[in-house]
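Heads up: the structure comes next, in structure tokens.
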Amino acid sequence: MRIASVTALTCLLAVPAMAQETDNPFPDPIEAEDGVVVVDVVEHAELPDVHGMPAQMRTLRHEPGTDRIFVSNQVGRIYDVDDDGTVTEYLDVDAEEWGVDINRSWREVGVQSFALHPQFAEEGAEGYGKLYVWVDTNNTDPQPDAQTSGDVAHHTVLLEFTASDASAARYDGDAPREVARFTQPYANHNGGDLAFNPLAGPDDADYGMLYMGVGDGGSGGDPLEVGQDRVSAHGKILRIDPLGSNGLNGEYGVPSDNPFVGRSDAVQEIFAYGLRNPQQFAWDSETGQMFVSDIGQNTVEEVSAVSAGDNLGWNIWEGSFRYVGRTGVDANEYQSDADMVYPVAEYDQVDPLLGDGAAVTGLVVARDTNIDALNGRILFGDLPRGEIFHFSADDLPDGGQDALRRVLLDAGNGEQRLLDLVRDKREEQGRESADRVDLRIAEADGEIYILNKYDGVIRRLVP
């Protein structure tokens, strides 16, 4: 009996720990009160309704070398917003003359993002007047440059609009040039952010290189297994030269310093892979580090530092944990693969601050803003309810949600969440109340702006 007992114990120790499936891998909730930063906020501008709905604001961009900012409505409009809050429609991407036929059937499709070339305002430069739009289209007749297996729900295209006079109040150029086209198997997780590195100067290799966030194609759980497939362009951050011509279709260039250039087992345009639904990019002006916010499946939301060639893990990992499925992650497998790049900050979707549902969004590395309390902090938000969080940019955490602290807004009525402000505004506008906001956060020339999809108001943080 004694020998049998020892043998059994030996076998037990030799067997790997059983998976501990959970949808709450961080049982200690995000701190609700300690470390809260309260920031004054004002209404900077209000975009007009389109199709009877408040502006579906998604992206805000600062025009290089000027004071102008541009803001997109996901249904197709891009607006020029002056310092005094005056709003002018700059470009209607969905205008009949362009033939784009935007797919705007629900909240995840439409104008995914847009970016201004760093030479946009430099007359005579190759990038003068060039504005790039990453947009979903119902027109699936043209041959795609990147595709997945299975059905085709629609296409996502990268368009280049070129203004004749970049300083004009309204776009005055010709029809857009199509730079690249992707098939989409589902209606969600299609695109992501589109951005140039704002820190790169004319002598830097990264100057004029365009970063494109491409989701895993949708549905749930990455059913087509594209996240880890380097031969697929989906589930990636791509990096291209939009003014080059050595890409597959001759309409863009592949930078020679991309991490997988020259390899037969990878798409040459890949900068990083293993992403599910990349929402926004940001760069730290002090360190040069790039960050990305990436929406999780049903359990973990993440913000990660990302560099060339990185594998962020999806769909083997969801955040720092082994991905089990839509029902959760394995709490016993935490950051155990040295080949993966795990989040610097993350949180689980069942945290009591978040209500029903969660999705990470927005990203700002605050260094030289006019809000002293936020400088040296990384800001991001939770998309549905509009919670805003901050953590140190100088002492980056190595995962988890312990380092997260809240940012609350004061519009004159005390500390509130964005959802509270939007509800107040909708009541003032004569609309029904809202149960979500679809938050976005952006920085432009030291100012931090808060966007949402439910009241059309651009808000600005003030000292």
Fill in: Under-4.0 Å salt bridge between Asp438 and Arg436
yes

Discussion item. Using ring centroids (six-membered ring only for Trp), state whether Trp134 and Phe114 fall under 6.0 Å.
Written reply: no

Worksheet item: Would you say the side-chain atoms of Asp410 and Asn413 include a donor-acceptor pair closer than 3.5 Å?
Response: no

Discussion item. In terms of relative ring orientation, are Tyr347 and Phe380 parallel, tilted or perpendicular, with 30° and 60° separating the classes?
Written reply: parallel

Discussion item. Looking at every heavy atom in both Pro278 and Lys236, which two are closest together, and how far apart are they?
Written reply: CG-O, 4.3 Å

Item to complete: Kindly indicate, with the supporting measurements, whether the criterion salt bridge (charged side-chain N to carboxylate O under 4.0 Å, His left out) is fulfilled by Glu318 and Arg276.
Response: CA-CA 9 Å; Glu318 185 177 353; Arg276 181 175 179 270; over 6 Å; no

Item to complete: Determine, stepwise, if the pair Gln56 / Arg107 fulfils side-chain hydrogen bond (donor to acceptor under 3.5 Å, both in side chains).
Response: CA-CA 8 Å; Gln56 310 290 288; Arg107 68 169 63 100; over 6 Å; no

Worksheet item: Using a distance-only test with no angle check, is there a side-chain donor-acceptor pair under 3.5 angstrom linking Gln112 and Asp136?
Response: yes

Worksheet item: Any side-chain donor paired with an acceptor under 3.5 Å for Asn375 and Thr369?
Response: yes

Item to complete: Over all heavy atoms of both residues, which pair between Ser293 and Leu363 is shortest? Give the atoms and the distance, please.
Response: N-CD2, 3.7 Å

Item to complete: List the steps, then state whether side-chain contact (heavy atoms from CB on, under 4.5 Å) holds for Arg459 with Asp455.
Response: CA-CA 11 Å; Arg459 292 175 171 86; Asp455 68 3; 2.8 Å; yes

Worksheet item: With distance as the sole criterion, is a donor-acceptor pair present between the side chains of Asn190 and Thr156 under 3.5 Å?
Response: no

Worksheet entry | Electrostatic pair Asp394-Arg367, nearest N-O below 4.0 angstrom | yes

Fill in: Test side chain to side chain donor-acceptor pair (under 3.5 Å) applied to Gln228 and Asn315, Asn311, Asp216, the passing residue
Asn311

Worksheet item: Does the side chain of Glu346 pick up a donor-acceptor pair with the side chain of Ser320 at under 3.5 Å?
Response: yes

Worksheet item: Do Phe120 and Tyr128 have ring centres separated by under 6.0 Å?
Response: no

Discussion item. For a quick check under 3.5 Å, do Glu21 and Thr327 share a side-chain donor-acceptor pair by atom type?
Written reply: yes

Practice prompt. Assess the side chains of Gln74 and Arg104: does a donor N or O sit below 3.5 Å from an acceptor N or O?
Written response: no

Practice prompt. Please say whether more than 12 non-hydrogen atoms of neighbouring residues, nucleotides or ligands are located less than 6.0 Å from CD in Gln429.
Written response: yes

Item to complete: Determine whether the side chains of Glu126 and Gln119 contain a donor N or O and an acceptor N or O closer than 3.5 Å.
Response: no

Practice prompt. Before giving the answer on side-chain contact (heavy atoms from CB on, under 4.5 Å), spell out for Gln416 and Arg423 the whole-Å C-alpha distance, their side-chain angles and the decisive distance to 0.1 Å.
Written response: CA-CA 11 Å; Gln416 292 181 295; Arg423 283 172 170 167; over 6 Å; no

Item to complete: Could you tell me if the ring centre of Tyr211 sits under 6.0 Å from that of Trp283?
Response: yes

Discussion item. Taking salt bridge (charged side-chain N to carboxylate O under 4.0 Å, His left out) as the criterion, tell me which of Glu387, Glu31, Glu415 meets it with Arg406.
Written reply: Glu387

Item to complete: Evaluate the criterion salt bridge (charged side-chain N to carboxylate O under 4.0 Å, His left out) for residue pair Asp420 and Arg426; output intermediate values, then yes/no.
Response: CA-CA 10 Å; Asp420 302 319; Arg426 284 179 65 91; over 6 Å; no

Response to the item:
Nearest heavy-atom approach of Phe281 to Gly213 is CZ-N, 3.6 Å

Discussion item. Within the 3.5 Å criterion, strictly below it, is a donor on Glu302 or Ser304 matched to an acceptor on the partner's side chain?
Written reply: yes

Worksheet item: What heavy-atom pair brings Pro397 and Ala345 nearest, and what distance separates the two atoms?
Response: CG-CB, 4.5 Å

Practice prompt. Report the C-alpha separation of Val360 and Asp382 in whole Å, then their side-chain angles, then the decisive distance to 0.1 Å, and conclude whether the side-chain contact (heavy atoms from CB on, under 4.5 Å) test is met.
Written response: CA-CA 5 Å; Val360 70; Asp382 187 70; 5.6 Å; no

Practice prompt. Please find out if less than 6.0 Å separates the ring center of Tyr323 from that of Trp314.
Written response: yes

Item to complete: Look at the side chain of Asp368 and the backbone N and O of Gly446, then say whether any donor-acceptor pair between them is shorter than 3.5 Å.
Response: no

Fill in: Under-4.0 Å salt bridge between Asp257 and Arg239
yes

Fill in: Closest contact, heavy atoms only, Pro64 versus Pro118
CB-O, 3.6 Å

Item to complete: Kindly state whether the ring of Phe26 and the ring of Phe321 have centres lying under 6.0 angstrom apart.
Response: yes

Practice prompt. Evaluate side-chain contact (heavy atoms from CB on, under 4.5 Å) for Met340 paired with Ile316, printing each intermediate quantity in order.
Written response: CA-CA 10 Å; Met340 301 294 170; Ile316 300 173; 4.1 Å; yes

Practice prompt. Check the angle between the aromatic planes of His117 and Tyr132 and answer parallel, tilted or perpendicular using the 30° and 60° thresholds.
Written response: tilted

Fill in: Gap separating the CD atom of Glu108 from the CG atom of Asn188, nearest 0.5 angstrom
5.0 Å

Discussion item. Under 4.0 Å between a side-chain nitrogen and a carboxylate oxygen: does that hold for Asp80 and Arg68?
Written reply: yes

Worksheet item: How far apart are the closest heavy atoms of Val81 and Ala45, and which atoms are they?
Response: CG1-CB, 3.8 Å

